[in-house]
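All ligand and atom numbering here is 1-based and tracks the order in the structure. Quick note: numbers below take in every heavy atom, side chains included, and nothing from hydrogens, waters or symmetry partners.
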Amino acid sequence: MAAQINPSILSADFARLAEEARAVEGADWLHVDVMDNHFVPNLTLGVPVVEALARATDTPLDCHLMIEDADRWAPQYVEAGAGSVTFHAEAAAAPVRLAREIRAKGARASMALKPATPIEPYEDLLPELDMLLIMTVEPGFGGQAFLDIMLPKIRRTRELIGKHGLELWLQVDGGVSASTIERCAEAGADVFVAGSAVYGAADPAQAVRALRTQAEEATAQAAWACDH
Ligand code: DX5
Ligand code: ZN
């Protein structure tokens with residue numbers, strides 16, 4: 001599968017979201033960070049803004065829910081128009097039931113792990129998911145430094161995907177930029193969220209293309225991709 005680049009609108013101008021979505025046309029998905037000021041110490045946007053954004057752009061929405069009580073709220077983001085909904089493992093009481101509900105409502109189901117949450121306890125759950133998100137910063141804010149200590153977790157997750165023969169996408173989020181994306185791709189990621197690296201660039205659409213090229217070249221060199 002080709003590398004996918006998902007710009008995070010957390011680094012966009014919230015007063016001009018429709019325009020900011022158009023500025024990255026050509027991106028695979030638009031990454032929408034939902035924060036509730038409880039699961040993370042920051043507050044962003046909710047269902048009404050996702051509904052409005054879904055009407056304003058043809059780029060599918062990748063909603064990353066950094067909220068407590070994900071079991072209760074995540075299905076509403078499918079109804080709001082998200083094509084992919086990511087809940088945090090740490091915030092879901094019944095992740096299998098929730099992933100099935102998200103899929104049944106017609107979206108891709110995805111689960112995220114904070115940096116201190118290991119992948120191993122979730123091995124048997126992976127077939128229930130369409131994507132796994134490995135956070136490469138502590139969730140809550142854009143513009144933080146990439147955590148290199150997450151690379152072994154990315155590698156181990158890629159091994160589990162291969163071991164079980166899964167069609168699971170592996171997303172990384174946090175500090176992904178021209179200087180870190182190749183390490184992520186080499187370790188096994190295939191979906192890349194980039195906030196400040198895209199919206200902080202003079203030409204966001206060009207930044208998306210450049211990141212994709214870097215990721216694809218690194219993937220082509222990577223051992224994990226050799227048998228694909
Ligand atoms: C952080 C968010 C990220 C954020 C990434 O909690 O989940 O999606 O926008 O921003 P950068 O790419 O600037 O680290
Ligand atoms: Zn995010």
For [X], the ligand 1 atoms whose distance to one of its heavy atoms is below 4.0 Å:
| X | answer |
| --- | --- |
| Ala194 | 12 (O) |
| His64 | 7 (O) |
| Gly143 | 10 (O), 11 (P), 13 (O), 14 (O) |
| His31 | 8 (O) |

For [atom], which protein heavy atom lies nearest, and how many Å away is it?
| atom | answer |
| --- | --- |
| atom 1 (C) of ligand 1 | Phe141 O, 3.5 Å |
| atom 13 (O) of ligand 1 | Ser196 OG, 2.5 Å |
| atom 9 (O) of ligand 1 | Ser8 OG, 2.7 Å |
| atom 3 (C) of ligand 1 | Asp173 OD1, 2.9 Å |
| atom 10 (O) of ligand 1 | Gly142 CA, 3.5 Å |

- Would Arg108 count as a cation-pi partner of Trp169, with NZ or CZ less than 6.0 Å from the six-membered ring centre and within 45° of the ring normal?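 Verdict for Trp169: a cation-pi partner in Arg108.
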Next item on the list: Decide whether a cation-pi geometry holds between Lys114 and Phe39; the criteria are a distance under 6.0 Å from NZ or CZ to the six-membered ring centre and an angle within 45° of the ring axis.
Entry: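 Verdict for Phe39: a cation-pi partner in Lys114.
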Kindly indicate whether the side chain of Asp36, heavy atoms from C-beta on, has any atom under 4.5 Å from the side chain of Glu68.
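A side-chain contact exists here, since the closest heavy-atom pair is under 4.5 Å.
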Where [X] and [Y] come nearest, the two heavy atoms and their spacing:
| X | Y | answer |
| --- | --- | --- |
| Thr86 | Ser110 | OG1-OG, 2.8 Å |
| Gln214 | Ile181 | OE1-CG2, 3.7 Å |
| Gln171 | Asp62 | NE2-OD2, 3.0 Å |
| Gly140 | Met66 | N-SD, 4.2 Å |

By atom name, which N, O or S atom belonging to [X] lies closest to the Zn ion (ligand 2)?
| X | value |
| --- | --- |
| His64 | ND1 |
| Asp173 | OD2 |
| Asp33 | OD1 |

- Query: Between Glu182 and Ser179, is there a donor-acceptor pair closer than 3.5 Å when you use the side chain of the first and the backbone of the second?
  - Reply: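 Such a contact is absent between Glu182 side chain and Ser179 backbone.
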- Message: Can a donor-acceptor pair be found, under 3.5 Å and without considering hydrogens, that links the side chain of Trp224 to the backbone of Thr219?
- Response: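 A pair under 3.5 Å: no.
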If I apply the N/O under 3.5 Å rule, does [X] come out as touching ligand 1?
| X | answer |
| --- | --- |
| Gly195 | yes |
| Gly140 | yes |
| Gly175 | yes |
| Glu138 | no |
| Ala197 | no |

| field | Asn6, Asp173, Val85, Leu10 screened by side-chain contact (heavy atoms from CB on, under 4.5 Å) with His64, the one that passes | value |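 It is Asp173; the other options fail the test.
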